[in-house]
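Input: a single structure, listed below in structure tokens.
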Amino acid sequence: FGTLTLPKLLKKYNKKIDRWDIQLGAFSSRENAINFGKKIKKKGFENVVLQTTSKVIRVVLKDIGTDEVESYIQRLTNAGYTEYSINPRK
């Protein structure tokens with residue numbers, strides 16, 4: 001994972017993006033993903049979802065407005081989560 005600041009992300013995608021997802025982890029074990037998601041929820045994050053592909057289960061904070069991303073990053077940092085990936089919501 002790498003972390004970019006919100007202005008750099010907006011410049012990278014070179015278009016107006018209103019909604020974002022923040023991926024906090026990816027697991028091959030569904031049980032591990034579920035347990036990690038529970039830990040995130042206990043830290044006060046309500047919008048935790050699991051995104052399943054054929055190979056991994058991602059733990060994601062979904063559907064975050066552009067105006068909220070920086071406060072989410074600060075909350076994650078305060079909770080001890082410093083590695084994540086921020087992606088435009090599809």
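- With hydrogens and angles ignored, the 3.5 Å screen pairs a side-chain donor or acceptor of D21 with a backbone N or O of D63.
- Atom OH in Y81 sits 13.5 Å away from atom CD1 in I22 (nearest 0.5 Å).
- Distance check, rounded to the nearest 0.5 Å: OG of S71 to CG of N78 gives 10.5 Å.
- The shortest distance between side-chain heavy atoms of E46 and K41 does not fall below 4.5 Å.
- Scanning all heavy atoms of the two residues, the minimum distance from I57 to A33 falls at CG2-CB, 3.5 Å.
- Between atom CD of residue Q74 and atom CG of residue L76 there is a gap of 9.5 Å, rounded to the nearest 0.5 Å.
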Subject >> Verdict with reasoning, W20 to N87, per side-chain contact (heavy atoms from CB on, under 4.5 Å) >> reply: CA-CA 6 Å; W20 300 84; N87 301 296; 5.7 Å; no

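- To the nearest 0.5 Å, atom CG of residue D67 and atom CG of residue D18 are 9.0 Å apart.
- Because its NZ or CZ atom is not both nearer than 6.0 Å to the ring centre of F27 and within 45° of the ring axis, R58 does not count as a cation-pi partner of that residue.
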Subject >> Derivation and outcome, side-chain contact (heavy atoms from CB on, under 4.5 Å), residues V60 and L50 >> reply: CA-CA 6 Å; V60 176; L50 302 181; over 6 Å; no

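- Shown here for T66 and R19, the closest heavy-atom pair between the two residues is OG1-N, 4.3 Å.
- One hydrophobic cluster holds both L61 and I34 under the rule that ILVMFWY side chains link at heavy-atom gaps under 4.5 Å.
- Closest non-hydrogen pair, F45 versus V48, comes out as O-CG2, 3.5 Å.
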**OP:** Take E70 and R75, measure what side-chain contact (heavy atoms from CB on, under 4.5 Å) needs, and give me the verdict at the end.
**Re:** CA-CA 9 Å; E70 289 184 356; R75 287 176 57 205; over 6 Å; no

**OP:** Please test Y72 against N47 for side-chain contact (heavy atoms from CB on, under 4.5 Å), starting from the C-alpha separation and ending with a verdict.
**Re:** CA-CA 11 Å; Y72 268 83; N47 52 336; 3.4 Å; yes

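- The distance from the CD atom of Q51 to the NZ atom of K90 is 8.5 Å, given to the nearest 0.5 Å.
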